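What follows is one structure encoded as structure tokens, with my remarks underneath.
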Amino acid sequence: MVSPSTRAQKLLSFFSFLLVLFDLQYEDGDPDNYVAYYRRATVYLAMGKSKAAIPDLSKVIELKPDFTSARLQRGGLLLKQGKLDEAEEDFEKVLKSNPSEQEHKEASAQLLKSDEIQRMRSQGVAAFNQRDYLTAETFLNYVLETCIWDAELREMRAECYVNQGEPGKAISDLKAASKLKNDNTDAFYKVSRIYYELGDHEMSLSEIRECLKLDPDHKECFSHYKQVKKLNKQIRTAEELIHEGRYEDALSKYEGVLKTEPSIPYYSALVQERSCHCYSKSQQSAEAIKVCTEFLQKEPSNVNALKDRAEAYILEELYEEAVRDYETAQQTSENDKQIREGLEKAQKLLKQSQKRDYYKILGVKRNAKKQEIVKAYRKLAQQWHPDNFQDEEEKKRAEKKFIDIASAKEVLTDPEKRSRFDAGEDPLDPESQQNAGGSQFHRGWNQWQGFNPFGSGGPFSFKFNFN
């Protein structure tokens with residue numbers, strides 16, 4: 001929000017500018033009206049509109065060539081613009097026009113500075129032409145401390161930054177150059193290209209549109225615009241599909257991204273990282289682990305890929321690996337709730353796996369559907385039915401195995417119990433129930449002891465009902 005004092009200051013400056021314009025209108029035709037032009041130039045300077053002040057200062061000098069203050073001011077502005085020869089001409093004329101002691105001192109100092117800048121500029125340009133970008137940047141830094149409005153030198157320094165791997169600094173110089181030079185389509189094009197290669201396709205699209213506003217027929221800008229627009233649309237569509245949970249469609253769309261832009265490393269990495277996510281979320285655990293691992297070899301601390309691979313490891317029942325990935329991710333993002341919850345789950349599952357694993361008992365994956373679970377249960381129940389065994393020891397072993405199979409079926413076909421088991425809690429384990437603070441309603445393992453699920457007394461003779 002603009003403060004009242006700032007607003008008042010702006011209004012005062014604008015009012016002063018209007019007064020000067022009013023004076024100039026009524027003094028037009030007067031051979032001495034250089035005073036009005038000079039007053040308007042000083043208002044422009046006070047308002048920060050230095051570029052607009054130069055024509056008025058030139059008019060003053062035309063009407064009154066010995067007006068040394070105007071020459072000094074114009075020379076200073078030309079120096080900032082990098083127009084060194086024109087600036088030196090003004091300073092030299094000041095020295096030849098019987099200036100005051102202060103004006104003589106200022107003009108002499110400016111001449112010395114301009115001469116030094118000329119020398120440094122020549123050395124900077126020579127180094128640039130020899131592709132010695134570090135040396136060129138050093139000289140250009142010195143020159144641009146004074147020639148702050150020199151668009152050409154800013155573009156040259158931007159090129160040095162690009163070649164030294166400092167795109168952020170290059171963008172800063174090029175954006176300044178686009179404002180300092182009218183219709184600077186090249187600056188917008190270069191900024192768009194840098195953003196594109198950095199992976200910021202939306203900013204790239206915004207900058208290339210500015211180029212086309214200045215010149216709709218600009219060939220390079222139009223060609224790049226089509227490329228960025230297509231890529232931007234593909235990525236946005238892919239992310240919308242992910243948001244909707246349509247992971248297979250998102251994978252297909254990201255394959256299209258790679259075809260559109262196969263050569264810039266950022267987009268190859270993006271496709272790999274998002275594919276890792278899609279495979280993990282669609283429970284294609286083996287493929288997720290493969291793709292995530294390939295990506296993490298390049299970016300070992302990428303939190304998203306670590307979380308996605310950890311989820312895939314859990315599906316593959318590789319709990320130690322899942323714990324390790326979550327712990328690595330937590331080192332980078334210690335306040336991430338998803339990581340904290342994932343780590344707790346993986347640790348519970350690791351502990352649980354060292355006890356009884358209902359999925360392993362039935363030989364099914366953690367993402368198995370109810371139909372697969374029932375099918376596996378029926379097969380194993382028939383195989384381990386105690387009536388199939390005559391030896392007493394074998395019968396006891398079969399009874400225990402059959403109880404495990406029945407327990408596994410009970411938990412995994414009940415959505416509520418299965419959800420608790422997937423979270424690392426055994427709903428049939430009294431100890432787990434007590435630790436979780438839950439009720440004792442569900443049967444624990446100990447409650448199976450002494451219980452004959454096959455009928456009462458004698459050899460096992462009941463008929464099993466597969467439901």
Side-chain angles (χ1 to χ4, degrees), residues 283-286 310-323 342 344-389 391-456 459-467:
Q283 298 191 334
Q284 299 181 57
S285 50
E311 289 182 19
Y313 275 143
I314 286 174
L315 288 173
E316 290 291 313
E317 301 174 10
L318 299 169
Y319 306 123
E320 289 185 15
E321 289 85 345
V323 168
E344 289 173 0
K345 177 182 176 180
Q347 289 170 334
K348 282 183 180 180
L349 289 169
L350 176 59
K351 185 178 179 181
Q352 184 188 83
S353 70
Q354 295 163 351
K355 295 181 179 178
R356 181 169 49 168
D357 188 331
Y358 295 124
Y359 290 104
K360 284 186 177 179
I361 289 170
L362 294 184
V364 295
K365 292 282 189 183
R366 296 191 76 87
N367 58 348
K369 300 188 183 308
K370 184 176 180 180
Q371 185 179 359
E372 297 174 65
I373 292 167
V374 171
K375 183 179 178 182
Y377 163 67
R378 287 174 177 171
K379 182 180 178 181
L380 290 169
Q382 287 177 331
Q383 179 184 344
W384 289 98
H385 194 294
D387 284 351
N388 295 335
F389 301 88
D391 181 80
E392 198 62 34
E393 287 300 319
E394 288 183 350
K395 193 180 288 289
K396 287 181 180 179
R397 179 168 165 262
E399 179 182 351
K400 185 178 184 306
K401 186 79 172 176
F402 193 89
I403 291 171
D404 281 348
I405 293 165
S407 298
K409 184 251 185 185
E410 177 182 348
V411 170
L412 299 184
T413 56
D414 183 310
E416 189 266 337
K417 290 179 183 176
R418 183 177 181 180
S419 177
R420 286 163 56 196
F421 183 73
D422 286 345
E425 174 190 343
D426 186 345
L428 301 185
D429 182 1
E431 182 183 345
S432 177
Q433 288 290 301
Q434 189 174 1
N435 291 340
S439 75
Q440 298 295 315
F441 175 77
H442 298 295
R443 283 177 297 165
W445 173 251
N446 292 334
Q447 289 172 285
W448 281 102
Q449 305 306 311
F451 173 69
N452 183 351
F454 315 114
S456 57
F460 298 111
S461 58
F462 88 107
K463 292 182 179 179
F464 193 80
N465 180 26
F466 297 105
N467 52 16

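Treat the numbers as computed from the prediction; the structure is a model and nothing was measured.
Using a 4.5 Å cut-off on side-chain heavy atoms (C-beta onward), Asn388 and His385 make contact. The shortest distance between side-chain heavy atoms of Arg366 and Leu349 falls below 4.5 Å. Proximity of Glu416 to Arg420: side-chain heavy atoms (C-beta onward) are separated by under 4.5 Å at one or more points. Residues Thr413 and Arg418 have side chains not in contact (no heavy-atom distance under 4.5 Å, counting atoms from C-beta outward). Looking at heavy atoms from C-beta onward, Glu399 lies out of side-chain contact with Phe389 at the 4.5 angstrom threshold.
Judged as a side chain to side chain contact (heavy atoms under 4.5 Å, CB included), and not counting sequence neighbours, the contacts of Glu320 are Leu350. Under the ring-ring contact (aromatic ring centres under 6.0 Å, His included) criterion, Tyr359 pairs with Phe421, not counting sequence neighbours. Looking at residues two or more places apart in sequence or on another chain, you find a salt bridge (charged side-chain N to carboxylate O under 4.0 Å, His left out) between Glu316 and Lys365.
The CG atom of Leu362 sits 13.5 Å away from atom NZ of Lys375, with the distance rounded to the nearest 0.5 Å. For the atom pair CG (Leu412) and CD1 (Ile361), the distance works out to 8.5 Å, reported to the nearest 0.5 Å. Interatomic distance, Ile405 CD1 to Trp384 CH2, rounded to the nearest 0.5 Å: 7.5 Å. The CG atom of Asp387 sits 12.5 Å away from atom CD of Gln382, with the distance rounded to the nearest 0.5 Å. The distance from the CG atom of Asn367 to the CD atom of Gln283 is 4.5 Å, given to the nearest 0.5 Å.
Between Glu410 and Lys417 there is a salt bridge, since at least one side-chain N of the basic residue sits less than 4.0 Å from a carboxylate O of the acidic one. The residues Lys348 and Glu344 are annotated as not salt-bridged, no charged nitrogen and carboxylate oxygen being separated by less than 4.0 angstrom.
In plain terms, the two heavy atoms of Ala322 and Ala310 that are nearest each other are CB-O, 3.6 Å. The two residues Ile373 and Ala368 have their closest heavy-atom pair at CD1-O, 3.9 Å.
Lys395 places a side-chain N or O within 3.5 Å of a backbone atom of Pro386 that can act as its donor or acceptor partner. One N or O on the side chain of Glu372 and one on the backbone of Lys369 form a donor-acceptor pair closer than 3.5 Å. In terms of modelled atom types and a separation under 3.5 Å, the side chain of Ser407 and the main chain of Ile403 share a donor-acceptor contact.
Side chains of Tyr358 and Asp404: a donor-acceptor N/O pair is absent below 3.5 angstrom, by distance only.
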Taking it one step at a time, do Val374 and Lys370 satisfy side chain to side chain contact (heavy atoms under 4.5 Å, CB included)? CA-CA 6 Å; Val374 171; Lys370 184 176 180 180; 4.3 Å; yes
